[in-house]
There are 2 protein chains.
Amino acid sequence: MDPVEILNRHNLKRTSCREGIIGVVLKANQALSENEIRNRLTGNYDRTTFYRSFKTLVQHKIIHKIVIDNQLVKYAPDNSITHNFEHAHFYCNECHSVVCMDDIPVQKYVLPNGYSNDETEVLIKGTCGICSKPEIK
Amino acid sequence: MDPVEILNRHNLKRTSCREGIIGVVLKANQALSENEIRNRLTGNYDRTTFYRSFKTLVQHKIIHKIVIDNQLVKYAPDNSITHNFEHAHFYCNECHSVVCMDDIPVQKYVLPNGYSNDETEVLIKGTCGICSKPEIK
DNA sequence: AATATATTTGCAACGTTGTTGCATTTGAAA
DNA sequence: TTTCAAATGCAACAACGTTGCAAATATATT
């Protein structure tokens, strides 16, 4: 999965900011916040540029955005890149990590007549495997 | 369901702001935003007071907060008042209404070993019954 | 390799949401 | 009616995100 190749495939200009974001998000084993991504990049970018890059990458379904409780925003590679179906997200109340539960497909909810279901977001909150074992922390 | 009685039951002081919020939220047939609630109140309250009232009422599980896409915040009566199990929320992409799907219980998601599941949020996005029938709009 | 052009960037300014500290007011109990 | 803890209003502030515009840059073309 090469960031440059991904940008080309989507006819997006190859800028170091976009390239960097994609690289960092793909390499991570969990969803990352704006600041976590910035800290892992070599270059320095304006916040505006960051937001615009995120927006572009989300629109092209290269990454996706996960929002927890109105305030915590994290990004992860999109379905179309690594996953293959709608999946649930897990948020750890202790360490505040967010991970894509690639193995947990989202239930097909049946809606009342006349309603259409475009997309379903599932966020499971709890304690992650590491935080629930204090002895190995 | 009397707002005054609810406040008493929770040992909360009976202020007109709290009383008003509870009354409006209980009467509504959908979740309401801060502004929608303000517009339905007679009294005028500072934004700070509003936020503090919401926080108190959420903490006491009198109302609950539903967040859509990081920006849209709505409130509805809590489970303990009207519902009796974890339920899904529906967001209409057209009219931006948010309703509690009291009849749609949340699936019990099975997590990997070591994970605990405290709470599950399900947000179904789509088109509501009214918006999908343009002829009756 | 040089040029042209549409796209992207950085900056400044702004809007919204939500919080904090503090003086004042108010609800409820004695 | 008095008392006191709790709630309110105000001012200031912080974080997040957007917009307009001039300058810089990526890519296609020559």
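Chain letters run A, B, ... following the sequence lines, proteins first and then strands; every chain starts at 1.
In this structure, A:D103 places its CG atom where only 12 or fewer heavy-atom neighbours from other residues, nucleotides or ligands lie under 6.0 Å away.
Remark: side-chain polar atoms of A:E19 are not paired, donor with acceptor, to backbone N or O of A:S16 under 3.5 angstrom. The backbone N or O of B:P77 lies less than 3.5 Å from a partner atom in the side chain of B:H64, making a donor-acceptor pair.
Every residue meeting the side chain to side chain donor-acceptor pair (under 3.5 Å) condition with B:N35, not counting sequence neighbours, appears here in chain and number order: B:R38. For B:T56, the side-chain contact (heavy atoms from CB on, under 4.5 Å) partners two or more places apart in sequence, or in a different chain, are B:L12, B:R18, B:H60.
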Which is it for B:H96 and B:Y91 under the side chain to side chain donor-acceptor pair (under 3.5 Å) test, yes or no, and what are the steps along the way? CA-CA 6 Å; B:H96 310 292; B:Y91 170 70; 2.6 Å; yes
List the steps, then state whether salt bridge (charged side-chain N to carboxylate O under 4.0 Å, His left out) holds for A:E5 with A:R9. CA-CA 6 Å; A:E5 193 198 320; A:R9 202 190 317 147; 3.8 Å; yes
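Looking at A:E94 and A:C128, their side chains never come closer than 4.5 Å, going by heavy atoms from C-beta outward.
Comparing the helix axis at one end of the helix from C:dA1-D:dT30 to C:dA30-D:dT1 with that at the other, each defined from 5 consecutive pairs, gives an inter-axis angle of 30° (nearest 10°).
Following rounding to the nearest Å, B:L7 (CG) and C:dT26 (P) show an atom-to-atom distance of 18 Å. Computed from coordinates, the B:Q59 CD to D:dA7 P distance equals 11 Å when rounded to whole Å. Rounded to an integer number of Å, the gap from B:D46 CG to C:dA23 C1' is 14 Å. Atoms CG (A:N35) and C1' (D:dA15) sit 10 Å apart, rounded to a whole Å. Atom C1' of nucleotide D:dT8 and atom CG of B:L57 are separated by 15 Å, given to the nearest angstrom. As rounded to whole Å, 10 Å separates atom P of C:dG18 from atom CG of B:L72. Rounding to whole angstrom units, CG of residue A:N11 and P of C:dT7 are separated by 12 Å. A:D69 places its CG atom 19 Å from the P atom of D:dA15, with the value rounded to the nearest Å.
Checking C:dC11, D:dG9, D:dG17 against every side-chain atom of B:Y45, the shortest atom distance belongs to D:dG9.
Contacts between residues 13-23 of chain A and DNA chain D, counted as heavy-atom distances below 4.0 Å, involve A:K13, A:R14.
Under 4.0 Å is where a charged nitrogen must lie from a carboxylate oxygen, and between A:D69 and A:K125 at least one such pair does.
Here CG of A:N117 is found 7.5 Å from CZ of B:F90. Values are rounded to the nearest 0.5 Å.
Mapping B:E34 and A:F50 onto DNA chain C by nearest heavy atom places A:F50 at the nucleotide closer to the 5' end.
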All N/O pairs under 3.5 Å across the protein-nucleotides 19-22 of chain C interface:
none

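The salt bridge (Lys or Arg N to Asp or Glu O under 4.0 Å) contacts involving residues 43-57 of chain A comprise A:E34-A:R47, where partners must be two or more places apart or lie in separate chains.
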